[in-house]
2 protein chains.
Amino acid sequence: MKRNSRLSLALHTLGHMAAEPDRMRTSADIAEHAGTNPVVVRRVLGRLRKAGLLNAEKGHSGGWRLARSPQDITLADVYLALDESLIATVAEEDTPNCAVEHALHRKVSSVMADIERSLIERLAATTIAEMK
Amino acid sequence: MKRNSRLSLALHTLGHMAAEPDRMRTSADIAEHAGTNPVVVRRVLGRLRKAGLLNAEKGHSGGWRLARSPQDITLADVYLALDESLIATVAEEDTPNCAVEHALHRKVSSVMADIERSLIERLAATTIAEMK
DNA sequence: ATACTCGCAACCGTTATTGTTACTTGATGC
DNA sequence: GCATCAAGTAACAATAACGGTTGCGAGTAT
């Protein structure tokens, strides 16, 4: 079983959508292409829908489509929509009784926050239109 | 249950050791201070021993001690010794049949690799002597 | 009305991690 | 030599996260 497959699935799907923005795709179609399950697809794309990146329509000829122009969706948008940090956070101690621990946590958290900002900056430099 | 507590435990312990480098500490002492189990301590510190950061001695008056000067051990040394990436890697597809997927994987992997290098660089700028 | 699709809740199987027990190995003190 | 102490290690349980799966409800087009 793979970890962090949510971002992979999301980007993969949006990459194809960027190539044909007008085509409506069902969860079943996407799932088959990605080798997974329609429910998993809906779970992941549902987050992108709530973030305003995708529209979903029910019923006949329903399915998923981009809510914005492909040039207007960056990899950072997708990353942030999934709310799934690729940067691990260091657990805060419940009882910060120890000065060493507190200093370490501050230091490492500061570094990790910088790294996360840097990652988002890098991801924001690429749109899904470049990935089709 | 906390995740990524290995690095926290390792840095916490080494921070205290940096303050009193000559004092020998047993797994039981460390575990009690850190609120965990001696076996867990040995598991984590064992990696640091294999990486040459710590020495362990058995028997009476045995225990753990720094193998190097605290000024000569950086946070990056500890991070690398644990071989536990805080930066998630994006899963490679078994069958790279899809061009979109391949392009995305290359792009994201490249960004993540840069971020990992940047993290290590940042961690290497601080020694455990500054954390005591 | 029927068929199709998303939305969502509930559950199972797998995996990763920590916690725990028990035992072995090696060093020290008597 | 022998008891004691501590690391080393294997084995297992407990917990949590995640993907996969089933089932059902809600909404829409034909």
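Computed from a prediction, not measured in an experiment: that's the story for all the values here. So you know, we letter chains A, B, ... as the sequences are listed, proteins then strands, and number each from 1.
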- prompt: Is a donor-acceptor pair below 3.5 Å formed from side chain H60(A) to base dT30(D), judging by atom type as modelled?
  reply: no

- prompt: Is the distance from OP1 or OP2 of dT5(C) to the nearest side-chain N or O of S27(A) less than 4.0 Å?
  reply: no

message: Measuring to OP1 and OP2 of dT5(C), would you say a side-chain N or O of S61(A) lies under 4.0 angstrom away?
response: no

- request: Would you indicate which nucleotide in dA7(D), dT20(C), dT22(D) comes nearest to any side-chain atom of T26(B)?
  value: dA7(D)

message: Let's see if you can work this out: which of dG19(D), dT28(C), dT18(C) has an atom nearest to the side-chain heavy atoms of S5(A)?
response: dG19(D)

task: Could you check R23(B), R25(B), H33(B) and say which one makes a side-chain hydrogen bond (donor to acceptor under 3.5 Å, both in side chains) with H16(B)?
output: H33(B)

query: If every non-hydrogen atom of L9(A) is compared with every non-hydrogen atom of A34(A), which pair is closest and at what distance?
result: CD1-CB, 3.6 Å

Polar pairs (N or O, both sides) under 3.5 Å between protein and nucleotides 7-10 of chain C?
from: dG7(C); atom 1: OP1; to: R49(A); atom 2: NE; distance (Å): 2.7
from: dG7(C); atom 1: OP1; to: R49(A); atom 2: NH2; distance (Å): 3.3
from: dG7(C); atom 1: N7; to: R42(A); atom 2: NE; distance (Å): 3.3

Rounded interatomic separation in angstrom, taking [atom1] from [X] and [atom2] from [N]:
X      : N       : atom1 : atom2 : result
E57(B) : dC5(D)  : CD    : C1'   : 13 Å
L54(A) : dT5(C)  : CG    : P     : 17 Å
R25(A) : dC4(C)  : CZ    : C1'   : 19 Å
N55(B) : dA6(D)  : CG    : C1'   : 15 Å
L7(A)  : dA17(D) : CG    : P     : 20 Å
R65(B) : dA6(D)  : CZ    : C1'   : 14 Å
M24(A) : dA29(D) : CE    : C1'   : 12 Å
N37(A) : dC11(C) : CG    : C1'   : 14 Å

message: Please check if the number of heavy atoms outside E121(A) that lie under 6.0 Å from its CD is greater than 12.
response: no

- prompt: Just wondering, are more than 12 heavy atoms of other shown residues or ligands nearer than 6.0 Å to CZ in R106(B)?
  reply: no

Which atom pairs, one a donor and one an acceptor, fall under 3.5 Å between side chains of residues 39-62 of chain A and the rest of the protein, sequence neighbours left out?
from: R47(A); atom 1: NH1; to: L82(A); atom 2: O; distance (Å): 2.8

- prompt: Between atom CG of L7(B) and atom NE2 of H12(B), what is the distance when rounded to the nearest 0.5 Å?
  reply: 13.0 Å

query: Quick one: on DNA chain C, does G59(A) or V40(B) contact a more 5' nucleotide (nearest heavy atom)?
result: G59(A)

- prompt: Among L14(A), D72(A), T74(A), which residue meets the side chain to side chain contact (heavy atoms under 4.5 Å, CB included) test with T127(A)?
  reply: T74(A)

